Amino acid sequence: MSLTSRADSPSGRAVFKQWMRKPECRPGEPLRVPSCGGSPALMGTAFDYAMRAGFEVLWPERCESGPLIAERAPLAQRSREQARACEALLERALQDLQTWEDAEALTRAQARACWDLALLEPIGRGVASVAPDTWIGREPPPGWLEELQALYAEITWDAFVPAERCLLNPGFGEGSLIVGGADADLVLDDLLIDIKTTKDLRLRLKDVRQLVGYAILARAYGFNGGPPEPIERVGIYYSRSGELVVWELDDCVDAEGESAVLEELVRAR
């Protein structure tokens, strides 16, 4: 059971309702990049890869990143032929991103690389059952790459400068195993950020629950097997409006509530 499903279960909702407060902050910017159609989840995954690549180009000395989920795709295949097809797609995508030098703009080649990585992501997570020959080499829908480039152009990088470190897609060590493999999108120093590529520019209660749950796991189990982390702030980046909304974790939950939420999250281990 995932963290999201645990938080959305009857007992999870009851615990969050009792102990968590929704912050007063709200997104205020208008939607600037409309959707051209296609899979919203696929666009969100591709944008995550694009933003991650931008961080690695801009602040390589401060970024800590583990293997990409997409890199697991070849290992998930049952046949050697399918594994080779995944490996070829992965190699091409990573090569295109590794030759990227100017992170101020996402080129068409890099946008296509992010599309290919997004196709591999669900295979790497073990949640896709589609045979590779139905999607390897699949072309993006018309306007799709341009939309991804437009989303990238909305990033105001000055809002994301890490003082000391940037963690890209870190897991929560034992905490991730307990809740079914959860991982965060982005951590900047003491700030944990979730990236939302959605047309719904509201601060939804379920998104707050997810972020608070992630922060509590980080404070209890750390990242990637490290010590507990002093996460003090959480935030959501709304990529379609280019707005980062941040609030203090203490605005959502106190120490007693943190213990109660953590107990609920690990209860069904």
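Everything numeric in this text was worked out from a predicted model, so none of it was measured.
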Matching residue for Cys166 among Leu188, Val161, Asp189 - test: side-chain contact (heavy atoms from CB on, under 4.5 Å) = Leu188
Compile the donor-acceptor pairs under 3.5 Å between side chains in residues 16-24 and protein atoms, sequence neighbours left out, one pair per line.
from  : atom 1 : to     : atom 2 : distance (Å)
Arg21 : NE     : Asp251 : O      : 3.4
Arg21 : NH2    : Asp250 : O      : 2.7
Lys22 : NZ     : Leu203 : O      : 2.7

Hey, does the side chain of Arg233 reach the backbone of Trp247 with a donor-acceptor pair shorter than 3.5 angstrom?
-> no
Side chain to side chain contact (heavy atoms under 4.5 Å, CB included) between Leu119 and Arg138: does it pass, once the steps are laid out?
-> CA-CA 9 Å; Leu119 290 178; Arg138 173 183 165 194; 3.9 Å; yes
For Asp183, the side chain to side chain donor-acceptor pair (under 3.5 Å) test, sequence neighbours excluded, returns Arg125
Okay, side chain of Arg62, backbone of Pro162: is any donor-acceptor separation there less than 3.5 Å?
-> yes
Check: Cys36 main-chain N/O paired with Glu147 side-chain donor or acceptor under 3.5 Å | yes
Can you list the residues that meet the salt bridge (charged side-chain N to carboxylate O under 4.0 Å, His left out) rule with Arg84, with sequence neighbours excluded?
-> none
Residues two or more places apart in sequence or in another chain: which of them pass side chain to side chain contact (heavy atoms under 4.5 Å, CB included) with Ala113?
-> Ala93, Asp96, Leu97
May I have the list of side-chain donor-acceptor pairs in residues 52-59 shorter than 3.5 Å, sequence neighbours left out?
from  : atom 1 : to     : atom 2 : distance (Å)
Arg52 : NH1    : Asn169 : OD1    : 3.0
Arg52 : NH2    : Gly66  : O      : 2.6
Glu56 : OE2    : Ser65  : OG     : 2.9

Sequence neighbours excluded, the answer for side chain to side chain donor-acceptor pair (under 3.5 Å) partners of Thr107 is Gln110
Tyr214 side chain vs Leu3 backbone, donor-acceptor pair below 3.5 Å | no
With sequence neighbours excluded, tell me which residues meet side chain to side chain donor-acceptor pair (under 3.5 Å) with Asp254.
-> none
Between Arg240 (side chain) and Val33 (backbone), is there a donor-acceptor pair under 3.5 Å?
-> yes
Answer yes when Arg209 and Asp207 have at least one side-chain N-carboxylate O distance shorter than 4.0 Å, and no when they do not.
-> no
Leu89/Leu120 under side chain to side chain contact (heavy atoms under 4.5 Å, CB included): CA gap, chis, key distance, verdict | CA-CA 8 Å; Leu89 189 67; Leu120 293 171; 3.9 Å; yes
Should the heavy atoms of other residues, nucleotides or ligands under 6.0 Å from CD of Glu29 be counted, would the total exceed 12?
-> yes
First locate atom CG of Leu167, then atom CG of Asn224, and finally report the distance between them rounded to the nearest 0.5 Å.
-> 7.0 Å
Say whether, by atom type as modelled, one donor and one acceptor occur between the side chain of Gln77 and the main chain of Pro74 under 3.5 angstrom.
-> no
List in chain and number order the residues that pass side chain to side chain donor-acceptor pair (under 3.5 Å) with Tyr238, two or more places apart in sequence or in another chain; answer none if no residue qualifies.
-> none
CG/Leu249 to CG/Leu191 distance, rounded to the nearest 0.5 angstrom?
-> 11.0 Å
Any chance you could measure Asp116, atom CG, to Cys86, atom SG, to the nearest 0.5 Å?
-> 11.0 Å
Between Glu71 and Leu94, is any pair of side-chain heavy atoms under 4.5 Å apart?
-> yes
Is Thr156 reaching over with its side chain to a backbone N or O of Asp158, donor-acceptor style, under 3.5 angstrom?
-> no
With sequence neighbours left out, write down each residue that passes salt bridge (charged side-chain N to carboxylate O under 4.0 Å, His left out) with Glu146, or none if nothing qualifies.
-> Arg108
Applying salt bridge (charged side-chain N to carboxylate O under 4.0 Å, His left out) to Glu229 and not counting sequence neighbours gives Arg165
Arg80, CZ atom: more than 12 neighbouring heavy atoms under 6.0 Å | no
What residues form a ring pair (Phe, Tyr, Trp, His ring centres under 6.0 Å) with Tyr152, not counting sequence neighbours?
-> Trp100, Trp157
Say you draw a straight line from CD of Glu64 to CZ of Phe223; how long is it, rounded to the nearest 0.5 Å?
-> 10.5 Å
Do Glu154 and Ser241 have side-chain atoms, one donor and one acceptor, less than 3.5 Å apart?
-> no
Separation between SG of Cys114 and CG of Leu145, rounded to the nearest 0.5 Å | 9.5 Å
Consider only side-chain heavy atoms of I, L, V, M, F, W and Y, link residues closer than 4.5 Å, and tell whether Val212 and Leu205 are in one cluster.
-> yes
Glu121 (side chain) donor-acceptor with Thr45 (main chain) under 3.5 angstrom = no
First locate atom CG of Leu186, then atom CG of Leu168, and finally report the distance between them rounded to the nearest 0.5 Å.
-> 6.5 Å
Can you name the salt bridge (charged side-chain N to carboxylate O under 4.0 Å, His left out) partners of Glu87, sequence neighbours left out?
-> none
